[in-house]
Amino acid sequence: MKCLCLQALAIVYGRCHEEIGPFTDTKYIVGMLERCTDRLERDRLILFLNKLILNKKNVKDVMDSNGVRILVDLLTLAHLHTSRATVPLQSNVIEASPDMKRESEKEWYFGNADKERSGPYSFLEMQEFWTNGVLSPKTRCWAQGMDGWRPLQVIPQLKWCLLASGQAVLNETDLATLILNMLITMCGYFPSRDQDNAIIRPLPKIKRLLSDNTCLPHITQLLLTFDPILVEKVSILLYHIMQDNPQLPRFYLTGVFFFIMMYTGSNVLPVARFLKYTHTKQAFRSEENKGTDIFQRSILGHILPEAMVCYLENYEPEKFSEIFLGEFDTPEAIWSSEMRRLMIEKIAAHLADFSPRLQSNTRALYQYCPIPVINYPQLENELFCNIYYLKHFCDTLRFPNWPIKDPVKLLKDTLDAWKREVEKKPPSMSIDDAYEVLGLPKGQGQQDESKIRKAYFRLAQKYHPDKNPDGRDMFEKVNKAYEFLCTKSTKVVDGPDPENIILILKTQSILFNRHKEDLQPYKYAGYPMLIRTITMETSDDQLFSKLSLLPAATELAFHTVNCSALNAEELRRENGIEVLQDAFSRCVSVLTGSSKTEDMPVQVCGHICKCYSVAAQFEECREKIIEMPNIIKDLCRVLYYGKKVQRLASLAVECVSSFAVDFFLQTHLFHAGILWHLLIYPFNYDFTLEESGIQKNEDTNQQEVANSLAKLSLLALSRLGGYLSEEQATPENPTIRKSLAGMLTPYVARRLSVSTPEEILKMLNCNTESPYLLWNNGTRAELLEFLESEQESMTRRGECDKSYGADFVFSDHAKELIVGEIFVRVYNEQPTFQLEVPKAFAASLLDYIGSQAQYLHTLMAMTQTGKVESEQHGERLQKVEMALEALRNVIKHNPGSETECIGHFKLIFSLLRVHGAGKVQQLALEVVNIVTSNQECVNNIAESMVLSSLLSLLHSLPTSRQLVLATLYALTSNTKIIKEAMAKGALIYLLDMFCNSTHPQVRTQTAELFAKMTTDKLVGPKVRIALMKFLPGVFMDAMRDNAEAAVHIFEGTHENPELIWNDNSREKVSTTVREMMLEHFRQQVENPDANWRLPDDFSIAFGEAHGELSVGGVFLRIFIAQPAWVLRKPREFLVALLEKFTELLEKNNVHGETLETVTTATVCLFNAQPQLLDQVPPLGHLPKILQAFNHKNNAIPKCAIRVIHTMTDNELCVRAMASLETIGPFMCGMRKRSDMIGIACEALNRMFQREQTELVAQALKADLVPYLLRLLEGQGLENLESPAATKAQIVKALKSMTRSLQYGEQVNEILSRSSVWSAFKDQKHDLFISESQTAGYLTGPGVAGYLTAGSSSTVLPNVPPPVDHEVGDLG
């Protein structure tokens, strides 16, 4: 019933504890628990208490009533639970079934009735004694862990196993779990820190009670049950208890860390949390021995490997748990289930028989004894530093770029490890010494491990400082001896271990390589050890036959100086450069043609090359290198053998490239023959791989290595010569540049500064024929043969080409003409090739031509026939021709480059006089022709006064006449040149071409040239005047308008108003011109500066035109015969004709025939071209013509009437007459020449029809009307052929006068008074007036053109023209 009530209370309070509040009888319930002996009641009471602690006030009552100790006593019963379920544990940890039993430990003593002590007995024996009645509830008993004899009924283990009755609700494990949960809950009410995270002191009571020696060891020892739930709960509870607990530093004495690390289960996260909080807070070492190393400060240092201790410290518990349960093999953790099993075995062996004792005496207390370091076979060859296993850390293939948390700390720790390793000495203790310390017999061979352990435990307990303050020294000796014996099977090295030092060196290299920026501010402190290491290794006779530290040491030297300028300077101060040189020389000396990349000497040489590459960046280091010429000699040797080990060669080439930053180093390298080595590698380049687009890398593709080496070599060559700029800029070295230009050709050497390495390498390994580069298999083979022989000679004998390749000439190139670094022959074959600096090439060509000009003139003077005889002269002449052709091409295809000819025209024009070398003349002429497109050049030619050479070609070089003419045409845009041309006889040369050339195009071009010359504003008129002394003016106009027409005119026979020309005229002109030209040519041959001048009185008389009256260039006789001839210049002819006419009208003794011809021509002109009449009034000749009516010579009025009659047909002329006194003089002329009255009357009719009022007024004033009426009567018409027609004109004139608005009435009045008028006024007289012009004497067709006219004849020659003197004249 009591148990049911307790169960009910538990249910009610569990559900309603908040409403009920504190339970006032909590202390009573605790008292019941302490007193009860029934298992059922005990369990119900504990279950009820479990509910009561839901209220914090009740927890205080439990603590005040000694409830905590009672609960802990009940906890220990868990050791007796032997029927737990089997938990699947991690494999290979502990393979033992839970039902395995061993003989119980004899722990118990009891006193009999006579107070005699009996024992010791096992717990099973005590159970038998109870069964047999030997023991009673009041029998006093004792076991280890009890503070004195106690009655059996108050000893928890005996009470509940022997005395108690009833059936328990909970088994021992469940009971312990429940109690642990209760204690955890109770601790949760009382945290160790307040709201401000300040530590609470004194420690909360619950934690003080649990930290007491009567409780804490028993809670801790529950870990040895290995029950997963209990271990987890104990770990959580201990974590709570130890929070800011002053007892924490001595917590290790409970053996908790041994017990917890023996746990075999996988639910280790609470364990990991507990360990992380506590492992470094244990006072297991004296303060002076603690040190800063986490491994030394951790209580787990002897149990776990260093890496696991660091992992626990550096990572979260979750991560540590993952590692602890897993299989890991990384730089930060090497751990496996096998290692865990070994650890548990070692701890179990160390604890010896304590665990079984707890099953006999649950309150047995563990006597702490330090455990020796556990040595794991898996870590036997590992070196741990900082938080890394260096062997794994340095294995960059398996663990590339493994994260480094604190590179500076790792470097410091590595240096410390290095120092320790170097100072390591053989062990000071022997096995016999250790046996002696532990009190074991010596000389009996290997002692049993259990005996060693028991001896150690005995002495350790005896001298432990906690029990024996004076035994500290002895305790340490015992520990040392025990540890020595425990580790005697491990690897022992007498002194420093080379493998460890190599790992230390590699680790530092990795650090400096990957964390250059982090380490840059720090000066490297390891140089003394590093340099000592390199020195010792270099001087070791067994260097190449042992595990050498030299590769790792030299690699580290490189990485340190590569990290910081501080380090480079430090290395120099420590004589590091000299030490490295010794090592370099030692290793270089053993290099051979069969060396391989993995060979130790090859590796060392590579690292030292890299080291020097970096050191060369610093001036003081460079100065030191300059003082050591052997470095450069060794570099050359490395490159010599680098054909087989191309990776090493690449590093050496990079070193050379770095040295190139200093001019003196450049020079040293040059004289050491570095070029022989560097120039060979570019020819191993395969551009097809580069352009293939295939994925490639140097590890798997040897050609990629060769390609990379080729690029590096090219870069080194560029830097040695100082070709590059910006980051790669180095001093310019003229000597090296000269050698590179000699061996690589100037073009390729120049490209080093502008092209990419890939472009140059492709160029070197392809066949090329361009103006800049003539490169083929032959040139490559020739260069490589030269380089290899020089390389061999330099390496073997120390001798080589004195010019170092500067004077090297390719046999193919020796045959070529090279001007301005350009192959002239190839350029002439590819004239459109884009040149880099065409102007410079043009200048070089001019210089070359200038150097050969005197030779040419001398040669031509010596060679009478004009033909070159010797082969040598022929080659030289051919080269000049090639140079001229190239000059022509360069200025033709590169506009602007022609300006380079300025200042050289005397030279170029002088080549036009090299008679006998026609091609030279022709090419020079083509050059001149092209430059004429540039006005600056034309001006310079004008200033050079060199035109005579060009003009003489018209005669001396018939094949080029057209080109000469085209050139002259371009040049004559300059007035000064026209002036010079006239002075040098251009006119006579050109006339000879026009008159005597058999090539129509030449003659046409000549005509065009004449036309251009005559249009010049200053000299043109003189040219025209001079030409007109040879040819009629019509030729000038024809040349201007149509050059071909001018040639046709010259070749035809013409008789027209403007030209009288026939075979005789043509022959006379042609002959005269030819004779004059030949004479002048002879003079110019003798004296190139000879001038030509036409005599002032010179003229050519054309017999056929002699005696012909010509006005304004028109033959009047022929014009009258052909009035419709379309004149070239009708207005000019009009002006000239009217001037001639008025001139004749004013003369007293005029030649009648001339006057008649001029008058007739004037009338014909006006009749043929009436529009010209519009231009007569402005010329001012009309008053003079009117005055002529009064002239004494009767012939003159007649002429004047004829002309006025023609003019009256024009409105403007009539108006002009109206403004002058016209009618009076006209009547005077009519009276003087009655035979002209008919024409005169027609003229009057035309005048009055124009309705000019002023004329009617003049007629009235002059009594014209009465005069005309008299004529109607027949007075004065007697001599006329057709009086009727004249009368009709008179009638029409009078009628026209009557129509005048102003004076018509007056005229009618006069007419009305006349008796004659009435007979004529109403009649029409049109039938009497002829439609044809009265004065239309001459008619002719009106066809335009120089060569066509109505009655002119153009007779083309029936025989061929004479052949020119020069054979093959093509113009």
Side-chain angles (χ1 to χ4, degrees), residues 534-535 538-539 543-544 550 554 557-558 572 575-593 595 599-616 621-646 648-681 709 712-713 716-717 719-721 733 735-736 739 787-805:
I534 295 173
T535 305
T538 304
S539 58
L543 175 62
F544 304 113
L550 203 51
T554 50
F558 157 66
R572 182 190 61 79
N575 295 323
I577 292 178
E578 293 91 329
V579 171
L580 286 171
Q581 164 57 21
D582 293 339
F584 196 36
S585 295
R586 180 86 191 272
C587 292
V588 166
S589 65
V590 298
L591 291 179
T592 66
S595 295
D599 292 350
M600 186 274 284
V602 173
Q603 294 179 19
V604 172
C605 290
H607 296 320
I608 294 177
C609 284
K610 290 195 291 183
C611 195
Y612 282 148
S613 296
V614 178
C621 293
R622 288 200 300 273
E623 291 174 0
K624 180 66 70 176
I625 292 170
I626 292 171
E627 296 171 5
M628 302 168 65
N630 284 336
I631 292 179
I632 289 173
K633 288 182 182 177
D634 289 337
L635 263 180
C636 291
R637 189 173 176 86
V638 168
L639 287 171
Y640 177 72
Y641 291 110
K643 302 164 194 170
K644 299 294 182 183
V645 278
Q646 293 187 333
L648 173 60
S650 296
L651 297 174
V653 170
E654 286 179 336
C655 186
V656 172
S657 190
S658 299
F659 282 4
V661 77
D662 184 274
F663 182 81
F664 294 106
L665 282 174
Q666 287 178 349
T667 307
H668 288 345
L669 286 162
F670 175 68
H671 290 303
I674 199 71
L675 295 187
W676 312 133
H677 306 286
L678 290 180
L679 281 170
I680 287 179
Y681 293 122
L709 177 54
L712 290 171
S713 299
L717 290 167
R719 285 173 61 84
L720 282 170
N733 195 308
T735 313
I736 294 177
S739 292
L787 291 172
E788 287 169 358
S789 67
E790 294 301 321
Q791 187 187 63
E792 193 72 24
S793 174
M794 192 71 181
T795 306
R796 302 296 182 194
R797 299 185 297 278
E799 300 173 356
C800 68
D801 177 33
K802 292 182 180 179
S803 72
Y804 291 92

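For clarity, every value in this text was computed on a predicted model and none was experimentally measured.
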Compare all side-chain heavy atoms of [X] with those of [Y] and state whether any distance is below 4.5 angstrom.
| X | Y | result |
| --- | --- | --- |
| Phe670 | Asn733 | no |
| Tyr612 | Ile577 | yes |
| Phe659 | Arg622 | no |
| Leu550 | Cys587 | yes |
| Leu639 | Ile674 | yes |
| Met600 | Gln603 | no |

Closest approach of [X] and [Y], non-hydrogen atoms and distance?
| X | Y | answer |
| --- | --- | --- |
| Lys643 | Tyr681 | N-OH, 3.8 Å |
| Val661 | Ala616 | CG1-O, 3.7 Å |
| Leu665 | Ile625 | CD2-CG2, 3.9 Å |
| Ser595 | Val645 | O-CG1, 3.3 Å |
| Ser613 | Cys655 | OG-CA, 3.0 Å |
| Tyr641 | Thr592 | CD2-C, 3.4 Å |

Looking just at side-chain N and O atoms, do Gln581 and Ser585 make a donor-acceptor pair shorter than 3.5 Å? yes

Step by step, work out the side chain to side chain contact (heavy atoms under 4.5 Å, CB included) result for Leu717 and Leu675. CA-CA 8 Å; Leu717 290 167; Leu675 295 187; 3.6 Å; yes

Given Ser793, which partner from the list Arg797, Arg796, Glu790 fulfils the side chain to side chain donor-acceptor pair (under 3.5 Å) test? Arg797

Rounded to the nearest 0.5 Å, what separates atom [atom1] in [X] from atom [atom2] in [Y]?
| X | Y | atom1 | atom2 | answer |
| --- | --- | --- | --- | --- |
| Lys610 | Leu651 | NZ | CG | 6.0 Å |
| Asp634 | Met628 | CG | CE | 9.5 Å |
| Lys644 | Leu591 | NZ | CG | 14.0 Å |
| Asp662 | Leu669 | CG | CG | 10.0 Å |

Identified side-chain contact (heavy atoms from CB on, under 4.5 Å) counterpart of Cys636 within the set Gln791, His677, Met794: His677

Single hit among Leu580, Ile534, Leu635 for side-chain contact (heavy atoms from CB on, under 4.5 Å) with Ile608: Leu580

Does [Y] offer a backbone N or O that forms a donor-acceptor pair with the side chain of [X] under 3.5 Å?
| X | Y | result |
| --- | --- | --- |
| Asp599 | Pro601 | no |
| Arg719 | Ser657 | yes |
| Ser739 | Gly805 | no |

Does atom CZ of Phe664 have more than 12 heavy-atom neighbours from other groups under 6.0 Å away? no

Once the angle between the rings of Trp676 and Tyr804 is folded into 0 to 90°, is it parallel (under 30°), tilted (30 to 60°) or perpendicular (over 60°)? parallel

One pair to check against side chain to side chain donor-acceptor pair (under 3.5 Å): Arg586 and Thr538. What are the steps and the verdict? CA-CA 7 Å; Arg586 180 86 191 272; Thr538 304; over 6 Å; no

Going through the distances and angles, do Val656 and Leu720 end up as a side chain to side chain contact (heavy atoms under 4.5 Å, CB included)? CA-CA 8 Å; Val656 172; Leu720 282 170; 4.0 Å; yes

The test is side chain to side chain contact (heavy atoms under 4.5 Å, CB included); show your working for Glu578 and Lys624 and say whether it passes. CA-CA 9 Å; Glu578 293 91 329; Lys624 180 66 70 176; 3.3 Å; yes

How far apart are the C-alpha atoms of Phe584 and Val588, what are their side-chain angles, what is the distance that settles it, and do they pass the side chain to side chain contact (heavy atoms under 4.5 Å, CB included) test? CA-CA 6 Å; Phe584 196 36; Val588 166; 3.7 Å; yes

